Amino acid sequence: MSNYKVAEIFSSINGEGPRQGQLALFIRMQGCNLDCSYCDTQWANGEDARFHWTSAEEIMDLVRQMQIRNITLTGGEPLCQENIMDLLLTLAAEPWLRVEIETNGSVPLKPFAQIQNAPSFNMDYKLPGSGMEHAMLTENFDVLSDKDTVKFVVKDYGDLQRSHDLIREYGLKDKCRVFLSPVYGEIDPEEIVNFMKDNHMNDVTMQLQIHKVIWDSRMRGV
């Protein structure tokens with residue numbers, strides 16, 4: 001089986017996303033193709049970041065041992081891992097699992113959406129405040145379905161306005177779940193709620209990262 005650069009594997013609760021608060025097994029891959037201004041996993045992103053070569057077989061052994069249905073592949077950017085399709089096919093062969101991919105919007109999703117029992121995508125569209133919007137692939141919006149999520153992490157009012165424009169332009173509320181989430185410590189969540197009210201943003205969910213409420217925001221493995 002293929003081997004992967006794994007920065008950490010841990011069990012916790014989902015701090016965000018459609019299964020927020022539920023138990024999940026997190027597989028964090030090393031490396032990322034972006035460099036967002038507010039990234040909270042820089043320690044796992046660089047080419048020199050520490051990792052352990054871990055095989056798909058080792059990952060599946062741990063999945064079966066932990067008996068946690070929700071599996072979250074995250075990073076960094078997990079879809080940049082060589083042979084990641086092999087791992088996704090292995091996970092998809094276990095119908096009792098619910099696999100989510102945290103992806104940054106810069107990697108084409110269509111090949112992975114064609115997997116039988118495909119994972120769900122939690123796609124983080126990078127807004128101007130991230131410094132990485134130029135890398136976004138808007139064609140990924142066409143791949144998303146009602147089991148998927150677009151998350152807009154907002155840093156300021158400009159990000160809020162840009163997210164509003166994108167939601168309307170691409171009809172995202174009719175395709176998938178849509179979340180707004182504040183950059184931790186950068187914008188008051190009340191400003192997001194007020195913006196949603198002022199712009200009649202029905203069917204959009206404002207969400208806080210509850211793992212940063214429960215534990216220290218800098219803590220790993222939670």
Side-chain angles (χ1 to χ4, degrees), residues 1-6 9 14-20 22 24-34 36 41 45 54-56 59-60 63 68-127 130 132-153 163 165-181 203-205 207:
M1 284 190 172
S2 301
N3 289 306
Y4 304 94
K5 296 180 178 180
V6 175
I9 300 180
N14 268 312
E16 55 191 322
R19 296 193 175 96
Q20 186 181 64
Q22 295 184 20
L25 181 64
F26 291 85
I27 304 164
R28 185 182 304 284
M29 301 295 185
Q30 183 250 31
C32 189
N33 60 329
L34 301 183
C36 296
T41 56
N45 290 354
T54 308
S55 69
I59 291 171
M60 288 308 304
V63 167
I68 295 176
R69 289 192 67 189
N70 296 324
I71 309 297
T72 300
L73 297 180
T74 186
E77 173 50 61
L79 295 182
C80 285
Q81 287 280 315
E82 188 174 357
N83 298 318
I84 192 64
M85 181 68 82
D86 293 346
L87 177 59
L88 295 178
L89 289 170
T90 300
L91 291 167
E94 301 287 339
W96 66 282
L97 296 179
R98 295 186 296 223
V99 181
E100 297 181 339
I101 299 176
E102 297 282 346
T103 183
N104 63 25
S106 70
V107 178
L109 299 182
K110 188 174 182 179
F112 306 106
Q114 295 172 346
I115 297 172
Q116 186 173 0
N117 191 28
S120 59
F121 302 111
N122 294 334
M123 192 184 93
D124 187 348
Y125 184 96
K126 304 301 182 183
L127 295 165
S130 72
M132 291 287 118
E133 189 177 18
H134 65 274
M136 295 297 94
L137 301 178
T138 54
E139 56 263 36
N140 278 335
F141 290 146
D142 296 330
V143 178
L144 302 178
S145 69
D146 58 5
K147 67 183 178 62
D148 304 314
T149 301
V150 172
K151 179 178 67 175
F152 294 102
V153 178
S163 68
D165 293 344
L166 287 162
I167 292 166
R168 289 191 303 174
E169 179 180 356
Y170 291 95
L172 294 179
K173 292 187 293 184
D174 296 326
K175 296 175 184 289
C176 60
R177 306 178 189 92
V178 180
F179 287 1
L180 293 177
S181 184
D203 302 318
V204 173
T205 301
Q207 188 174 77

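Only a predicted model underlies this, so the values are computations on that prediction, with no experimental measurement involved. We use all heavy atoms of the structure for the numbers below, so side chains are in, but hydrogens, waters and symmetry mates are not.
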Those residues that, when tested against F112, pass ring-ring contact (aromatic ring centres under 6.0 Å, His included) (two or more places apart):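 So F112 forms no ring-ring contact (aromatic ring centres under 6.0 Å, His included) with any residue.
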Which residues share a ring-ring contact (aromatic ring centres under 6.0 Å, His included) with Y125, sequence neighbours left out: F141, F152
Salt bridge (charged side-chain N to carboxylate O under 4.0 Å, His left out): pairs with one or both residues in residues 111-120, sequence neighbours excluded: none
Keeping to residues at least two apart or across chains, list the salt bridge (charged side-chain N to carboxylate O under 4.0 Å, His left out) pairs with something in residues 83-96.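 Matches after skipping sequence neighbours: R64-E94.
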In chain order, what residues pass the salt bridge (Lys or Arg N to Asp or Glu O under 4.0 Å) check against [X], with sequence neighbours excluded?
{"X": "R19", "answer": "E100"}
{"X": "D165", "answer": "R168"}
{"X": "K5", "answer": "none"}

With sequence neighbours left out, what residues match [X] under side chain to side chain contact (heavy atoms under 4.5 Å, CB included)?
{"X": "K173", "value": "I167, V178, D203, V204"}
{"X": "A93", "value": "none"}
{"X": "C80", "value": "N33, E77, V107"}

Test of understanding: with side chain to side chain donor-acceptor pair (under 3.5 Å), list the residues that count as partners of D148, not counting sequence neighbours.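 D148: side chain to side chain donor-acceptor pair (under 3.5 Å) contacts with S145.
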Run the side chain to side chain donor-acceptor pair (under 3.5 Å) test against N45 and tell me which residues pass, sequence neighbours left out. none
